[in-house]
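Model, not experiment: these values are computed from the prediction. Atom set for the values below is all heavy atoms of this structure, side chains included, hydrogens, waters and symmetry mates excluded. We name chains A, B, ... by the order of the sequence lines, and we start the count at 1 in each one.
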Protein chains: 2
Amino acid sequence: MGKLVTEMLKGTLEGIVLAVLGGRPAYGYEITAWLRDQGFSDIAEGTVYALLVRIEQRGLVDVRKVPSEKGPPRKVYSLNAQGQAYLEEFWRTWSFLAERLEQLREEGPQT
Amino acid sequence: MGKLVTEMLKGTLEGIVLAVLGGRPAYGYEITAWLRDQGFSDIAEGTVYALLVRIEQRGLVDVRKVPSEKGPPRKVYSLNAQGQAYLEEFWRTWSFLAERLEQLREEGPQT
DNA sequence: CTCGCTATTCGGTGTTGCTAGGTACTAGTA
DNA sequence: TACTAGTACCTAGCAACACCGAATAGCGAG
C-alpha cells in the first residue's frame with residue numbers, strides 16, 4: 001500500500017493482532033496470512049513476529065508450541081486475562097481517536 | 001493520556017493537523033491549544049511545531065508571517081492544492097483502516 | 001537434491017511523537 | 001528596575017514501532 005498505512009499501523013497493528021487473538025488462538029504465519037487477506041497487502045512478516053514477541057514479554061498472551069506437519073513447530077498465542085483487559089483499553093482509545101477524526105471529517109474544526 | 005494514544009497518533013496526527021488546516025488557516029500555538037481542547041490533553045508543543053515544519057518542507061502547506069500583538073510573529077499555515085490532495089489520500093487510508101477495525105470489533109476474525 | 005512452501009528469528013533503518021529545555025516579545029506588578 | 005506570566009516558536013536527543021533483507025529449519029514434490 002503505502003507509507004500512510006505504514007505510519008497509521010503504528011499503535012493499531014498491535015490492537016488488531018490482539019483482537020484476532022481475542023477471537024481465537026493463532027500463530028504468526030497464520031496471522032500474517034490473514035492480515036494480507038484482509039487487505040493489508042504488504043505487511044512484513046518480520047513485523048508480526050516482532051510484535052508477537054513484544055506482547056508475549058508484556059505478559060498479554062500465553063504461548064504453546066504445537067508441531068506442524070509441514071515445517072517447524074508453530075508458536076500458538078492466545079489472549080490471557082491481562083491481554084483481554086489491555087484489548088479493552090485499546091478499544092476505548094481507538095474509539096476516542098475515531099470519534100475525533102469522524103467529527104473532523106464531517107464538520108471541519110469548529111470555528 | 002497514555003502510551004496507547006501516543007502510538008496511535010503516529011501517522012494520524014499529521015492527518016488531523018492537515019484536516020484542521022483544510023477548514024481554515026492556523027498557526028502552531030493555536031493548533032496545539034485546539035488539540036488540547038479536543039481531548040488530546042497532553043500533546044507536546046514541540047510535536048506540533050516539528051510536524052508543521054515537516055509538512056511545509058513537503059510542500060503541503062503555504063506559510064505567511066503575521067505580526068501578533070502579544071508575542072513573536074505567528075506563522076500561519078494554510079493547505080494548498082497538494083496538501084488537499086494528500087488530505088484526501090489520508091482520508092481514504094483512514095477509512096480503510098477504520099472499516100477493518102470496526103469489522104474486527106463487531107464480528108471477531110471470521111473463522 | 002534442489003525448489004518451494006511452511007514457520008520463525010534477527011540486525012539495521014527511517015519515521016514519528018515525546019522530553020526538556022531554550023529564545024523572543026508583550027504586559028502587569030512589586 | 002526586576003520579576004512573572006502569557007504568547008509564540010524552535011531544537012537536540014530519546015524511545016517505540018513498522019520496514020527491509022537475510023538467515024535458519026523442516027517437509028514434500030519434481
Query raised in the report: Would one find more than 12 heavy atoms of other residues, nucleotides or ligands at under 6.0 Å from atom CZ of R64(A)?
Result: no
Hey, can you pull the donor-acceptor pairs under 3.5 Å for the side chains in residues 6-23 of chain B, sequence neighbours left out?
{"unit_1": "T6(B)", "atom_1": "OG1", "unit_2": "G2(B)", "atom_2": "O", "d": "3.3"}
{"unit_1": "E7(B)", "atom_1": "OE1", "unit_2": "K10(B)", "atom_2": "NZ", "d": "3.4"}
{"unit_1": "E7(B)", "atom_1": "OE2", "unit_2": "K10(B)", "atom_2": "NZ", "d": "3.4"}
{"unit_1": "T12(B)", "atom_1": "OG1", "unit_2": "M8(B)", "atom_2": "O", "d": "2.9"}
{"unit_1": "T12(B)", "atom_1": "OG1", "unit_2": "L9(B)", "atom_2": "O", "d": "3.2"}
{"unit_1": "E14(B)", "atom_1": "OE1", "unit_2": "R58(B)", "atom_2": "NH1", "d": "3.2"}
{"unit_1": "E14(B)", "atom_1": "OE1", "unit_2": "R58(B)", "atom_2": "NH2", "d": "3.4"}
{"unit_1": "E14(B)", "atom_1": "OE2", "unit_2": "R58(B)", "atom_2": "NH1", "d": "3.2"}
{"unit_1": "E14(B)", "atom_1": "OE2", "unit_2": "Y86(B)", "atom_2": "OH", "d": "2.9"}

Query raised in the report: Can you name the residues that form a side chain to side chain contact (heavy atoms under 4.5 Å, CB included) with Y29(B), not counting sequence neighbours?
Result: Y27(B), E45(B), Y49(B)
**Report entry** Any residue meeting side chain to side chain contact (heavy atoms under 4.5 Å, CB included) with V53(B), in chain and number order, not counting sequence neighbours
**Finding:** Q57(B)
Query raised in the report: Once the angle between the rings of F40(A) and F96(B) is folded into 0 to 90°, is it parallel (under 30°), tilted (30 to 60°) or perpendicular (over 60°)?
Result: perpendicular
Over all atoms of both residues, closest heavy-atom pair of [X] and [Y]:
X: V48(A); Y: G28(A); answer: CG1-O, 4.1 Å
X: S95(A); Y: R105(B); answer: OG-NH1, 3.0 Å
X: L79(B); Y: Q84(B); answer: CD2-OE1, 3.5 Å
X: A44(B); Y: R36(B); answer: CA-NH2, 4.3 Å
X: V76(B); Y: P25(B); answer: CG1-CB, 3.7 Å

Query raised in the report: Tell me, do Y77(A) and E30(A) make a side-chain contact under 4.5 Å, heavy atoms counted?
Result: no
For the pair made of [atom1] in [X] and [atom2] in [N], what is the distance, rounded to whole Å?
X: K65(B); N: dC9(D); atom1: NZ; atom2: C1'; value: 9 Å
X: K10(B); N: dA18(D); atom1: NZ; atom2: P; value: 9 Å
X: E14(A); N: dA16(D); atom1: CD; atom2: P; value: 12 Å
X: Y29(B); N: dG6(D); atom1: OH; atom2: P; value: 8 Å
X: L51(A); N: dA16(D); atom1: CG; atom2: C1'; value: 12 Å

Report task. Examine dC9(D): is either OP1 or OP2 under 4.0 Å from a nitrogen or oxygen in the side chain of Y49(B)? Give yes or no. Result -> yes
Query - Short side-chain N/O contact to dC17(D) OP1/OP2 from R54(A), under 4.0 Å - result: yes
Query raised in the report: Taking atom types as they are modelled, is there a donor-acceptor pair under 3.5 Å from the base of dA8(D) to the side chain of K75(B)?
Result: no
Query - Sorted by number, the residues of residues 85-95 of chain B with heavy-atom contact under 4.0 Å to DNA chain D - result: none
Requested in this report: For DNA chain C, note the earliest and the latest nucleotide, 5' to 3', having some atom under 4.0 Å of a heavy atom belonging to chain B.
Outcome: dT16(C) to dT26(C)
Report task. Give the B/S/- string for nucleotides 19-30 of chain D, one per nucleotide from 5' to 3', where a protein heavy atom under 4.0 Å of the base yields B, of only the sugar-phosphate yields S, and otherwise -. Result -> BS----BBS---
